[in-house]
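All of these numbers come straight from a predicted model, not from anything done at the bench.
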Amino acid sequence: MAATVVPSVMVNVNALNRYNYDHWFFWVETYLLAEDLWDVVEGTNKPPKPEDPEFKAWRKNNARALQAIIIFCGEDAESFLKGKTAKEAWNILEKQFKPYSKDTSEVDSNDSSSSIDGHEDSEVQMAGAHASFFSAVRDLNWEAVKEFIGQKRPLIRAKSEKTDKTALHLAVQFKSVTGVKMLLPFTLNKDLEMVDRDGHTPLSMAILEKDTDEMIEIAKCIVEKNTKLLLHIVDPSTNTIPLLMALSLDRPKMTRYLYRNTPLEKLKKRDRAELLSTSFRVKLLDISWDLIQRFPCLATAQDHSGIPVPPTPTRIPEVSVDVQEEERDQGNQKNLIREGIHVPLTPTRIPEVSVDVQKEERDQGNQKNLIREGIHVPPTPTRIPEVSVDGQKEERDQGNQKNLIRKVSCFFGGLVDNLLHLSGITRIYQMKLLHVKTIEILECMLELLKSEDDLDTRQQKLVQKALFQAVERGHAPFIYHLLKPNPRFLAMTDEHDKTVFQFAVERRQDEIFNLIHEFDEQKRKDIVGRKDKFGNNMLHVVGRLSPLTQINHIRGAALQMQKELQWFKKVEGMASPKDLNCINSEGRTPREEFTVNHRNLMEAGEKSIKETATSSSALVAALIITIMFAATVATPGGIKDIKGVPIHLDTKAFQIFIVADVTSLCTSTTSVMIFLGILTSRFSEEDFLTSLPTKLIIGFLTLFLSVGAMMIAFSSSIFIMLYGQQSIVSLSIVLAILPIASFLWMQFPFLLDIIISTYGFRVFKRRVRRN
């Protein structure tokens, strides 16, 4: 059977809206009459029952008529015409779009109960989501939208077919503050809880957008309309309220607005703990500070993930920076001094704290000071001559002078800001400020832990978990401040009965292990000799291979082996003689434990050193020996007579050539001998500690000297042979620098690592970092 095809001329008819009903009605009625379908729409009789003989023919004609109506209405009509007969659909469209006269409106209002029943009211509400209304919303034509809603109030709750978004959702999506303010008076409180296809309310959509002033204003309007939304769950799977959502998405402006208005007292303790831990993660420490001040019990609370809340201080580079920043707080000034100068740790409760560098300008007709990162820009005094001038002209001159001062000051202030940013000083300051604020918050939280007796079993487990997590991550300041109120926390052990120091050794956290120097010698021996549940003392623990995260950054297996030996030797120096031969549950002494666990690493280190000595360094040194010996025989510039006296013997260039040639020859020969000595070494465990690294250092240094001297000899030879050809000589000398630069680029970092690891670096500094 051939399908019904709508003529193309009818398809081009504009979709139905409230302005073209008469035109649309004429074309659709004409089409339905031509297709002999108008009786289905206009008929007054009830549709036949399925068992009636004429039902099949009626169903076919009804489907054809309904198909035509939907096509002429557009896609948005499908949502409220689906499941209707052609007659029902026609009546719905007529009620919604047909323009009413004044008299007709009065009749409708006076006899509404007889013309529309409850079922038809719901149909009209569904019909509110039509194309014209949402077209006006998408065009941001809020006057037309307001007119629509004024005539059909249910439109405010209508949803778009494709996205299930209401008009308010779309206004938020389009970032239209005007649209939101216009729609809210027509909106009920429950309407603000409606969600789109993705499960977002208008408020959660505002949070998802960029953190701009427009979105803050939109959120403010929505919250003022219904304050209950502040505690409304926007993500049931994670139990997320709007404040936590903004915090998790790192929206500082939105977070601070919601934080000021959310009734935190109504939240559960675990929800407040989640806010606190999330604020640490996104580094909004003003939120963290205020939370811990208002709810001190959060110090030992668990968040949604079950992790205890206490923060871990941010690591900062140990540099000395003298940069001063001035901030205003309630009319007072607070100096924050950079690293190297005391930073006051007295906490100040500030509703909104910005970690970024702040700038203050004062201009009240007086002189103006600009403070930029500790640099004072002096004011430019303006002296007005005491002459008789017109008052308006004098005001103009003063205004021009103020504008000039402002522009000049802003220019230099911006220049200073850019210089501080490019030099990294601003970043260092922000890191230091973040660190200081974290320590302040930590000390405040740890007030609750002054006495271990005040903690119940659950709280002690949380402290234990936080303690060992901090050890694993290497946060020495956290450990110090945690142990300061109660040293008995040192007796805490993990699930394997390891103490803090044993766990620090296992994770190779040197700054935390340095805290052992706070005890006397006998106490240190007791700590080293203590055994875990497997019978391992600290020497057994350090005898095991480091976690990959702790040695992967070390270049080469040889240096990794050296680092492991340094750890073992230092702990061994603190142990008592009986601990050196202690047997663990596997029947091994500490030295045997070290040998068994580091066998593969030692083999890899041996292979690495031999490859370095043979395939690259020794080969290069041998080539240099050959070149420099040949250069000595072939005297640049020739000789005078049969005695072989060089022609340019008395010139400085030739003398430089001879010295550089001899130096290169001798150093390269020495380098070859050193590398040959490495190949014949025994490669025992002890050799990796000092012997082999020292040979590598000498070999690389002599090799570098030989390369540099060879290039100097080459440049001198070119100068002698091409005397007077300055352009060629200069180019040759520049090119001669390339081998030296390439050696420095490729090999010098490795050489520097070996020197630092062997002589300049000490794993166990006695200085304990407390802040």
Side-chain angles (χ1 to χ4, degrees), residues 1-105 107-108 114-117 119-136 138-139 144 148 151-152 155 158 160-162:
M1 182 180 295
T4 301
V5 178
V6 181
S8 60
V9 64
M10 293 301 296
V11 176
N12 291 330
V13 175
N14 292 332
L16 176 62
N17 59 57
R18 61 193 299 269
Y19 301 107
N20 68 344
Y21 177 81
D22 293 333
H23 174 75
W24 182 89
F25 177 85
F26 170 76
W27 281 99
V28 177
E29 181 185 20
T30 302
Y31 173 75
L32 294 177
L33 286 171
E35 296 291 328
D36 197 20
L37 299 173
W38 180 247
D39 291 340
V40 178
V41 175
E42 192 184 33
T44 57
N45 296 330
K46 293 183 178 181
K49 297 181 179 180
E51 59 270 15
D52 295 340
E54 63 272 16
F55 177 77
K56 187 174 182 180
W58 175 88
R59 184 176 61 181
K60 177 182 177 181
N61 291 334
N62 177 73
R64 292 172 60 196
L66 183 61
Q67 179 190 29
I69 293 172
I70 292 176
I71 290 175
F72 299 146
C73 287
E75 294 180 358
D76 286 342
E78 182 182 351
S79 62
F80 55 87
L81 298 183
K82 185 182 298 184
K84 309 298 181 186
T85 65
K87 178 177 176 58
E88 291 172 342
W90 187 268
N91 291 337
I92 290 174
L93 296 175
E94 184 179 22
K95 289 183 178 69
Q96 179 62 30
F97 294 100
K98 183 177 181 179
Y100 294 95
S101 63
K102 183 176 180 180
D103 295 337
T104 305
S105 300
V107 173
D108 288 343
S114 62
S115 61
I116 302 177
D117 57 15
H119 179 68
E120 291 176 339
D121 280 340
S122 64
E123 291 177 346
V124 173
Q125 291 177 4
M126 291 297 294
H130 57 78
S132 302
F133 174 70
F134 281 103
S135 177
R138 293 186 182 95
D139 293 339
F148 270 114
Q151 293 186 2
K152 301 293 180 182
L155 289 172
S160 175
E161 170 66 20
K162 296 181 179 180

message = Are there over 12 heavy-atom neighbours, none belonging to Asp139, within less than 6.0 Å of that residue's CG?
response = yes
ask   = So, for Ala68 and Tyr31, which heavy atoms are closest and what is the spacing to 0.1 Å?
value = CB-CE2, 3.6 Å
request  = Decide if the gap between the ring center of Trp90 and the ring center of Phe25 is smaller than 6.0 angstrom.
outcome  = yes
message = Students often mix this up, so state it plainly: with edges at 30° and 60°, are the rings of Phe148 and Phe133 parallel, tilted or perpendicular?
response = perpendicular
key: Point-to-point distance, once rounded to the nearest 0.5 Å, from CG of Asn62 to NZ of Lys84   = 13.0 Å
Minimum side-chain heavy-atom gap Arg138-Ser160 below 4.5 Å = yes
ask   = Does any N or O in the side chain of Asp52 come within less than 3.5 Å of the main-chain N or O of Lys49, such that one atom is a donor and the other an acceptor?
value = yes
key: Residue pair Thr85 / Arg59, side-chain donor-acceptor N/O under 3.5 Å   = no
key: Residue that, paired with Trp38, satisfies side-chain contact (heavy atoms from CB on, under 4.5 Å) out of Asn61, Val28, Leu33   = Leu33
message = Please identify which of these residues, Leu66, Leu32, Ile69, meets the side-chain contact (heavy atoms from CB on, under 4.5 Å) condition with Leu37.
response = Leu32
inquiry  = How close do Val40 and Lys87 get, counting heavy atoms only, and between which atoms?
reply    = O-CB, 3.9 Å
